[in-house]
Amino acid sequence: MLVTQIFRQKKAHRIVTIGPETTVAEAANILKEEHIGALMVTGDDGALAGIISERDIVRAIPEYGGELFDLAVGRLMTRPVVTCSPKGLVHQIMKTMTANHFRHMPVLEDGKLIGMISIGDVVKSRVDELEDEEAHMRNFIAGVE
């Protein structure tokens, strides 16, 4: 399965971005309102500059305390960002996400940001594939196909 197939199956894959000057408080509010776990950070030119996740924010609390929420996300964001292509194979992306311990991966096409997939999207697509394979095998064994 390819990333483009995940996009087709998702109800929506709206691109939500913020600038590096956005405060952590603003970013946390956007995460809450959008019901998402990470935001892509883009520069003035629209190019992907970094990514900030709920996990990044939580891990920064011991270091910054109450001042954290006034910081610009540019100070906390992960960079460089590991990305994938819409033609990327889902099983390879799953391996990359698992090996690197992250749950969100921006998708770039010709250097342009076109969306993001989550580990939840990847797992769901794999489960769907396995269920389809099981159904085909059952039908084959039963002589239905």
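Just so you know, residue 1 is the first one in the sequence shown, and it goes up from there.
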S.K.: Please, which pairs that meet salt bridge (charged side-chain N to carboxylate O under 4.0 Å, His left out) have at least one residue in residues 119-129, sequence neighbours excluded?
M.R.: K10-D121, K124-D128, R126-E129
S.K.: Starting from L130, can I reach V122 by hopping between I/L/V/M/F/W/Y residues whose side chains sit under 4.5 Å apart?
M.R.: no
S.K.: Identify all side-chain donor-acceptor contacts of residues 82-99 below 3.5 Å with residues at least two apart in sequence or on another chain.
M.R.:
{"unit_1": "S85", "atom_1": "OG", "unit_2": "K87", "atom_2": "N", "d": "2.9"}
{"unit_1": "T96", "atom_1": "OG1", "unit_2": "Q92", "atom_2": "O", "d": "3.1"}
{"unit_1": "T98", "atom_1": "OG1", "unit_2": "M94", "atom_2": "O", "d": "2.8"}

S.K.: Apply side-chain hydrogen bond (donor to acceptor under 3.5 Å, both in side chains) to E133 and list each qualifying residue two or more places apart in sequence or on a separate chain.
M.R.: none
S.K.: Which pairs with one or both residues in residues 96-110 pass salt bridge (charged side-chain N to carboxylate O under 4.0 Å, His left out), sequence neighbours excluded?
M.R.: none
S.K.: May I have all residue pairs that pass salt bridge (charged side-chain N to carboxylate O under 4.0 Å, His left out) and include part of residues 52-62, sequence neighbours excluded?
M.R.: none
S.K.: Under the side-chain hydrogen bond (donor to acceptor under 3.5 Å, both in side chains) test, which residues partner T17, sequence neighbours left out?
M.R.: none
S.K.: Please tell me whether I6 and L2 are part of a single hydrophobic cluster in this structure, the criterion being side-chain heavy atoms less than 4.5 Å apart.
M.R.: no
S.K.: Would you say the side-chain atoms of E63 pair up with the backbone N or O of A60, donor to acceptor, closer than 3.5 Å?
M.R.: no
S.K.: Would a hydrophobic clustering, with Ile, Leu, Val, Met, Phe, Trp and Tyr connected at side-chain separations under 4.5 Å, put V16 with L113?
M.R.: no
S.K.: For E134, give me all partners under salt bridge (Lys or Arg N to Asp or Glu O under 4.0 Å), at least two apart in sequence or on another chain.
M.R.: R138
S.K.: Got a list of side-chain donor-acceptor pairs under 3.5 Å for residues 66-81, not counting sequence neighbours?
M.R.:
{"unit_1": "R79", "atom_1": "NH1", "unit_2": "G74", "atom_2": "O", "d": "3.1"}
{"unit_1": "R79", "atom_1": "NH2", "unit_2": "G74", "atom_2": "O", "d": "3.4"}

S.K.: Who are the side-chain hydrogen bond (donor to acceptor under 3.5 Å, both in side chains) partners of E26, not counting sequence neighbours?
M.R.: T23
S.K.: Is V107 close to F7 at the side-chain level, that is, under 4.5 Å between some pair of heavy atoms?
M.R.: yes
S.K.: Kindly give the heavy-atom pair with the smallest separation between M1 and S125, and that separation in Å.
M.R.: SD-CB, 3.2 Å
S.K.: Hydrophobic clustering (ILVMFWY, side-chain heavy atoms < 4.5 Å, transitive) - are I114 and M105 grouped together?
M.R.: yes
S.K.: Can you give the donor-acceptor pairs under 3.5 Å from side chains of residues 27-51 to other protein atoms, not counting sequence neighbours?
M.R.:
{"unit_1": "N29", "atom_1": "ND2", "unit_2": "E33", "atom_2": "OE2", "d": "3.0"}
{"unit_1": "E34", "atom_1": "OE1", "unit_2": "R14", "atom_2": "NH2", "d": "2.6"}
{"unit_1": "E34", "atom_1": "OE2", "unit_2": "R14", "atom_2": "NH2", "d": "2.5"}
{"unit_1": "D45", "atom_1": "OD1", "unit_2": "A47", "atom_2": "N", "d": "3.0"}

